[in-house]
Number of protein chains: 2
Amino acid sequence: MPSKAQRPVQGKRRQTASKVRAAALTLFARYGYAAVSMRQIASEVGVQPGALYNHFPTKQDILKDLMLSHMGELLTAWTSAKPHPQTDPLVAFARFHIRYHMERADEVFVSYMELRNLEADNFAAVDAERRRYEAILTGILEDGAANGRYALDDPKVTTRALIAMLTGIATWYRASGTLSRQTVEDYYINLVCRAVSLEPGKTQRENG
Amino acid sequence: MPSKAQRPVQGKRRQTASKVRAAALTLFARYGYAAVSMRQIASEVGVQPGALYNHFPTKQDILKDLMLSHMGELLTAWTSAKPHPQTDPLVAFARFHIRYHMERADEVFVSYMELRNLEADNFAAVDAERRRYEAILTGILEDGAANGRYALDDPKVTTRALIAMLTGIATWYRASGTLSRQTVEDYYINLVCRAVSLEPGKTQRENG
DNA sequence: CTTGAAAATGAATGATCGTTCATTTATTTC
DNA sequence: GAAATAAATGAACGATCATTCATTTTCAAG
């Protein structure tokens, strides 16, 4: 007799599948895909190894699912993000990227460390998404360079440099540390702005 | 009867050991430590698996050797690097870092992707070297910030941001591409300079 | 409550893993 | 060239790997 009726949402059906995803994500992030066994994942989920195959056909499919989901959610999140319309586009993108990546250290870690372990088809699919995401930043840089708002040598090189810098936060930032998320975000925004000679004070888009 | 006397240098003794290192480096960089077997390494060297154990006691020792050697050589290279004395210290360091890392993509890749696969003792040793290297840049930034040459929020955060940005070159730069090493180097130097508000034209150290 | 389907079990498959070792082969030392 | 030493072989070890499957258990729908 539960005091509040247990949600009968979609049965227990899809529950194990998402527990598998969660366990695999944590283990892959910590030990690496190749070093994690299906037995470890099963043990973490609290199930026998064979049961995993009711939800994912192979170990590789778990990795593919995690990485494609991450990229898909990242792109969706950007599309539906509505930054303050006065904010400079580069600043808006960088703030979005920093926040999203600080909140999902494991996903980020797996998604850029395990590319090597994707089979050819899966790599192509994930890499296409990654390029779509980078193209967003490249477009912003091209626009800003065209009208003189940013100073930069090459939009694609700058894209890779900035993405590497920002994504790197996930490799060292720990919520338990002394720096708050907001502080780290602000410091990195300053670095990004200066890297393209956008005066940090002038991050409001000029209208008219 | 060799036309030119075969170098009897140190016999064939250490020759296999360095072939093992080279093979392991290439394989680890391409497939990851955990995904590479001792049999693959032996096959690449042209030897039976058991022979590897005449040179390295375990697979883990090969990884430790590769990573510690890389860090040691990196620190030695910096110590013995003699940049033009008029060059701004940050520019000198960044140029050194970029060049060193573009020339050794495999070493760099292994050294920052395989940290997870080091046993505790080995990780501690490698990480200590890594921190020694980062401390060099942090020191440069602190000096420059103290006398107003650079604008930055936090030397340690800036160190991590710049190192991530610069090291990221190894993940995408290919000598076969359209961009020359010198071009990439120059673009990144501009990014670094602007990131700390050091006017790119003013990269000569002022004396007096 | 009955029925059909999905999920989980528990045991097994063959393959591959890192590592060992007695033996043979190659190299260095005297 | 003989003796000593190191390297390489080839076969084997037990452990663990991803995956399969007949069977049992659990769950959702009628």
Side-chain angles (χ1 to χ4, degrees), chain A residues 2 5-25 27-28 30-66 110 114 116-122, chain B residues 1-2 5-25 27-28 30-66 114 116-122:
Chain A
Q6 198 89 341
R7 289 229 214 134
V9 271
Q10 66 185 3
K12 174 171 287 185
R13 191 78 99 70
R14 312 246 144 190
Q15 218 163 23
T16 303
S18 70
K19 286 209 283 186
V20 172
R21 265 185 288 267
L25 180 67
L27 289 168
F28 290 171
R30 176 138 38 185
Y31 304 109
Y33 171 78
V36 172
S37 69
M38 292 296 268
R39 285 169 177 79
Q40 279 178 270
I41 298 171
S43 164
E44 189 79 7
V45 173
V47 97
Q48 294 295 321
L52 300 179
Y53 291 85
N54 287 320
H55 307 279
F56 296 93
T58 68
K59 182 185 173 188
Q60 171 78 195
D61 282 280
I62 302 178
L63 181 62
K64 176 187 75 174
D65 181 280
L66 289 176
V110 169
E114 304 298 351
R116 289 183 300 191
N117 291 303
L118 285 173
E119 289 162 10
D121 319 349
N122 299 334
Chain B
M1 52 171 71
Q6 198 87 341
R7 288 231 216 131
V9 270
Q10 66 188 1
K12 173 171 287 184
R13 191 78 99 72
R14 312 244 143 192
Q15 216 163 26
T16 302
S18 70
K19 286 209 284 187
V20 171
R21 265 186 286 268
L25 179 67
L27 289 168
F28 290 169
R30 176 137 39 184
Y31 304 109
Y33 171 78
V36 171
S37 69
M38 293 296 268
R39 284 168 177 79
Q40 279 176 272
I41 299 171
S43 164
E44 188 80 8
V45 173
V47 98
Q48 294 296 321
L52 301 179
Y53 292 84
N54 286 321
H55 306 279
F56 296 93
T58 68
K59 184 186 174 190
Q60 170 78 196
D61 282 282
I62 302 178
L63 181 63
K64 177 187 74 172
D65 181 281
L66 289 175
E114 304 298 351
R116 290 183 299 193
N117 291 304
L118 285 172
E119 290 162 10
D121 319 348
N122 299 333

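Chain A is the first sequence line, chain B the second, and so forth, proteins listed ahead of strands; every chain is numbered from 1.
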Q. Just to confirm, is there a sub-4.0 Å distance from OP1 or OP2 of D/dA6 to any side-chain nitrogen or oxygen of B/H55?
A. no

Q.
When you measure from the side-chain N and O atoms of B/Q48 to the phosphate of D/dG10, is any distance below 4.0 Å, counting only OP1 and OP2?
A.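 Answer is yes, contact under 4.0 Å.
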
Q) Between atom CZ of A/F56 and atom CD1 of A/I62, what is the distance when rounded to the nearest 0.5 Å? A)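 These two atoms lie 5.5 Å from each other.
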
Q) Can you tell me how far CG of A/L63 sits from OG1 of A/T58, rounded to the nearest 0.5 angstrom? A) 9.5 Å

**Q.** Pairing residues for A/E119 by the side-chain contact (heavy atoms from CB on, under 4.5 Å) criterion, not counting sequence neighbours
**A.**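 Expected list: A/Q60, A/N122.
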
Q) Taking only residues two or more places apart in sequence, or in another chain, which ones meet B/R116 in a side-chain contact (heavy atoms from CB on, under 4.5 Å)? A) A/F109, A/M113, A/E114

Q) Can you give one letter per nucleotide of nucleotides 12-19 of chain D, going 5' to 3': B for a protein heavy atom under 4.0 Å from the base, S for sugar-phosphate only, - for none? A) B----BBB

(Q) Could you work out, with salt bridge (charged side-chain N to carboxylate O under 4.0 Å, His left out) as the rule, every residue matching B/K59, not counting sequence neighbours? (A)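 Partners of B/K59 by the salt bridge (charged side-chain N to carboxylate O under 4.0 Å, His left out) criterion come out as none, since no residue qualifies.
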
Q. What would the secondary structure line of DNA chain D be in dot-bracket form, counting Watson-Crick and G-U wobble pairs under 3.5 Å, with [ ] for pairs that cross earlier ones and | for pairs with another strand?
A. ||||||||||||||||||||||||||..||

Take atom [atom1] of [X] and atom [atom2] of [N], then tell me their distance rounded to the nearest Å.
| X | N | atom1 | atom2 | answer |
| --- | --- | --- | --- | --- |
| B/I41 | C/dC17 | CD1 | C1' | 12 Å |
| B/L52 | D/dG10 | CG | P | 14 Å |
| B/Q15 | D/dA8 | CD | P | 10 Å |

Using distance only, find each side-chain donor-acceptor pair of residues 36-46 of chain B under 3.5 Å and give its atom names and separation, not counting sequence neighbours.
residue: B/S37; atom: OG; partner: B/R39; partner atom: N; Å: 3.4
residue: B/S37; atom: OG; partner: B/Q40; partner atom: N; Å: 3.1
residue: B/Q40; atom: OE1; partner: B/S37; partner atom: N; Å: 3.0

Q) Per the atom types in the model, does the base of C/dA6 pair as donor or acceptor with the side chain of A/N54 at under 3.5 Å? A)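 Per atom types, no contact qualifies.
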
Q | B/N117 to B/Y33 - nearest heavy-atom pair and separation | A | CB-CD2, 3.5 Å

(Q) Could you tell me if the side chain of A/V47 sits less than 4.5 Å from the side chain of A/V20, heavy atoms only? (A)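 The answer is no, as the side chains (C-beta and beyond) never meet within the 4.5 Å cut-off.
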
(Q) With nearest nucleotide decided by heavy atoms, which residue, A/A51 or B/G46, maps closer to the 5′ end of DNA chain D? (A)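 First, find each residue's nearest nucleotide; the 5'-ward one identifies B/G46.
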
